[in-house]
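The shown structure was predicted, so the numbers you read here are calculated from the model rather than taken from an experiment.
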Amino acid sequence: MRRTTATAVGAVALLGTLAAPAQAGAGAMPDVTGKGLVAAERAMPHGVRVTLVDAREAGRHVLWPANWKVCSQSPAPGRPLGGQRAELRVVKTKERCP
């Protein structure tokens, strides 16, 4: 039984290595405007730092990402990220974007 477990762990470790990008934060900014925050965060390239800003300027913090959506983004879709921070302006899902 131990031999099977060791093989499974080794396979998972190998897959994780193969899936890792060559440079964290590399790639182009995806178009996430209008998407739910969970989907938007999943669409971001690995290693990109994301800053969330309350689009209503009420100073609210995102505690439950599933309850928020993206109103706007920076940089624009398709722009190279090159390790820079992305900013998503968000509101609660039932609110309108300003």
Side-chain angles (χ1 to χ4, degrees):
M1 190 76 169
R2 286 184 184 204
R3 183 173 284 156
T4 304
T5 304
T7 303
V9 170
V12 170
L14 179 60
L15 288 174
T17 303
L18 293 175
Q23 179 182 3
M29 180 70 172
D31 186 0
V32 295
T33 301
K35 291 186 177 185
L37 185 54
V38 173
E41 288 179 337
R42 286 184 181 152
M44 300 299 266
H46 177 73
V48 173
R49 293 184 187 164
V50 178
T51 300
L52 302 174
V53 178
D54 181 2
R56 293 186 159 245
E57 298 180 4
R60 301 175 296 180
H61 297 282
V62 175
L63 299 177
W64 192 258
N67 290 338
W68 294 77
K69 65 181 177 184
V70 179
C71 290
S72 63
Q73 65 183 67
S74 178
R79 299 292 306 246
L81 287 165
Q84 70 178 313
R85 185 178 297 268
E87 180 180 281
L88 302 179
R89 297 186 63 79
V90 298
V91 294
K92 294 208 173 197
T93 53
K94 294 187 181 198
E95 296 175 344
R96 296 184 115 184
C97 291

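A donor-acceptor pair under 3.5 Å is formed between the side chain of Glu95 and the backbone N or O of Lys92. Of the possible donor and acceptor atoms, none in the side chain of Asp31 sits under 3.5 Å from a partner among the backbone N and O of Pro77. In this structure a side-chain-to-backbone donor-acceptor pair under 3.5 Å is missing from Glu57 to Val53.
Atoms CZ and NZ, from Arg89 and Lys69 in turn, are 14.5 Å apart once rounded to the nearest 0.5 Å. Going from atom CD of Gln73 over to atom CZ of Arg79 covers 12.0 Å, rounded to the nearest 0.5 Å. Here Met29 contributes atom CE and Glu87 contributes atom CD; the two are 9.5 Å apart, rounded to the nearest 0.5 Å.
Listed here is the closest heavy atom pair of Thr51 and Arg85: OG1-CD, 2.7 Å. Contact record, Val32 with Ala40: CB-CB, 3.7 Å, taken as the closest heavy-atom pair. In terms of heavy atoms, Pro45 sits closest to Pro30 at CD-CD, 4.0 Å. Looking at every heavy atom in both residues, Pro65 comes nearest to Glu41 through CB-OE1, 4.4 Å. Considering every non-hydrogen atom in both Val90 and Trp68, the closest pair reads CG2-CE3, 3.5 Å. Scanning both residues, Ala55 and Val91, for their nearest heavy atoms gives CB-CG1, 3.7 Å.
Val50 and Leu81 fall within a single hydrophobic cluster, where Ile, Leu, Val, Met, Phe, Trp and Tyr are joined by side-chain heavy atoms under 4.5 Å apart, directly or via other members.
You'll find the side chain of Cys71 reaches within 4.5 Å of the side chain of Pro98, heavy atoms only. Counting only heavy atoms from C-beta outward, the side chains of Pro75 and Pro80 never approach each other to under 4.5 Å. With contacts defined as side-chain heavy-atom distances shorter than 4.5 Å, the pair Val62/Leu37 qualifies.
Within 6.0 Å of CZ on Arg42 lie no more than 12 heavy atoms contributed by other residues, nucleotides or ligands.
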